[in-house]
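See structure below.
Proteins come first, then strands; the chains are lettered A, B, ... in the order of their sequence lines, and each starts at number 1.
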Amino acid sequence: TQLLEQSPQFLSIQEGENLTVYCNSSSVFSSLQWYRQEPGEGPVLLVTVVTGGEVKKLKRLTFQFGDARKDSSLHITAAQPGDTGLYLCAGVYNQGGKLIFGQGTELSVKP
Amino acid sequence: EAQVTQNPRYLITVTGKKLTVTCSQNMNHEYMSWYRQDPGLGLRQIYYSMNVEVTDKGDVPEGYKVSRKEKRNFPLILESPSPNQTSLYFCASSLQRTYEQYFGPGTRLTVT
């Protein structure tokens, strides 16, 4: 069974702090996606990274794909209460339709 | 409005009583998938479909059935539900070339 280890599982920080969430696997992905989920709703796609070493920025969020396409990170700069939510990474294997999700990171940003 | 719809949103049932959760998308997506979400386990893929009449098992297919007779619909069938299938279920669709998932609002299922 392929695994995608996401860490940390819980993160509680103050407004203005920086944070990083990690996703790691021993398997190579054809692409990796990051989603954000709010209570009572389905996850919403934030970004997809495809190329090894790729870096994408979405306002204060920076996403990086590892050179070997086995790991990824999400860095949030100067977190705000509106960033609170569940962050999920998902790896796509060989474009065959199978997706593996990490366990999720529950982020709470306090004012 | 582009969307994935699921019905019902909430369902309480008893062990062994067959049920179907419907999923429909209006984006003409080839790919559709079902997931269950449980605390501490993230989202786990149950079944997916690359196109009409093409389905395949995800990581946790036991106890579930699916069919894809039309491009827009992908129902999830529990022939004989058991309490360990109590969970939050999500349907999703995407273009086949990106697999970027558009999720439905979820169905909270309780099996007693």
Side-chain angles (χ1 to χ4, degrees), chain A residues 1-10 21-25 27 29-51 54 56 58 63 65 69 72 74 85-107, chain B residues 2-7 9-10 21 23 25 27 29-52 54-62 66 68 74 87-108:
Chain A
T1 303
Q2 298 109 332
L3 286 175
L4 190 48
E5 298 287 340
Q6 188 171 342
S7 62
Q9 279 199 288
F10 300 96
V21 178
Y22 299 93
C23 268
N24 294 288
S25 176
S27 302
F29 304 113
S30 59
S31 64
L32 193 136
Q33 304 162 355
W34 285 92
Y35 294 82
R36 179 165 170 255
Q37 184 179 17
E38 301 208 33
E41 299 180 8
V44 175
L45 180 72
L46 295 172
V47 80
T48 300
V49 284
V50 179
T51 306
E54 183 176 5
K56 281 191 174 178
L58 193 65
F63 304 85
F65 203 11
R69 306 204 328 269
S72 181
L74 156 62
L86 179 67
Y87 290 81
L88 295 155
C89 59
V92 180
Y93 288 96
N94 299 322
Q95 293 293 99
K98 198 168 184 184
L99 275 79
I100 300 291
F101 279 79
Q103 304 97 318
T105 295
E106 191 85 52
L107 172 64
Chain B
Q3 60 183 349
V4 178
T5 56
Q6 293 179 230
N7 281 293
R9 293 289 313 277
Y10 302 91
V21 183
C23 173
Q25 51 95 3
M27 295 169 279
H29 285 164
E30 305 94 352
Y31 179 94
M32 297 186 75
S33 184
W34 276 101
Y35 301 89
R36 61 178 289 174
Q37 186 173 36
D38 302 289
L41 296 177
L43 282 159
R44 292 180 292 168
Q45 194 173 39
I46 303 171
Y47 270 96
Y48 60 94
S49 171
M50 300 284 271
N51 216 320
V52 176
V54 181
T55 62
D56 212 341
K57 296 177 180 178
D59 274 341
V60 288
E62 296 78 18
V66 293
R68 186 96 181 270
F74 191 43
S87 188
L88 180 57
Y89 290 86
F90 287 100
C91 180
S93 71
S94 76
L95 291 171
Q96 193 171 316
R97 62 180 170 82
T98 68
Y99 298 105
E100 293 175 342
Q101 310 284 289
Y102 287 78
F103 283 88
T107 295
R108 187 165 290 282

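Using a distance-only test at 3.5 Å, with no hydrogens or angles considered, no donor-acceptor pair links the side chain of A:Ser7 to the main chain of A:Cys23.
Taking B:Pro39, B:Ser33, B:Ser49, B:Gly42 one by one and counting their heavy-atom pairs under 4.5 Å with chain A, the maximum is reached by B:Gly42.
Neither side chain, A:Gln9 nor A:Thr105, offers a donor N or O lying under 3.5 Å from an acceptor on the other. Side-chain contact of A:Gln33 with A:Tyr35: a donor-acceptor pair under 3.5 Å is present, judged by distance alone.
Looking at A:Glu41, the atoms closer than 4.5 Å to chain B (heavy atoms on both sides) all sit in the backbone: N, CA, C or O. Heavy atoms closer than 4.5 Å to chain A are found in the side chain of B:Tyr35, but not in its backbone. For A:Leu88, the part sitting under 4.5 Å from any heavy atom of chain B is the side chain, from C-beta outward, and nothing else. Interface remark: B:Leu41 contributes backbone atoms only to the contact with chain A (heavy atom separation under 4.5 Å). With a threshold of 4.5 angstrom between heavy atoms, B:Arg9 approaches chain A through side-chain atoms but not through N, CA, C or O. Proximity to chain B (any heavy atom under 4.5 Å) is restricted, for A:Gln37, to the side chain, taken from C-beta onward. For a residue to count as touching a neighbouring chain, one of its non-hydrogen atoms must lie under 4.5 Å from one of that chain's; by this rule B:Gln37 touches chain A with the side chain only.
Between B:Asp56 and A:Lys98, none of the side-chain N atoms (NZ, or NE/NH1/NH2) sits under 4.0 Å from a carboxylate O, so this pair counts as no salt bridge.
Heavy atoms from other residues, nucleotides or ligands lying under 6.0 Å from CZ of A:Arg36 number more than 12.
Ring geometry for B:His29 against B:Tyr102 counts as tilted: the plane angle lies between 30° and 60°, on a 0 to 90° scale.
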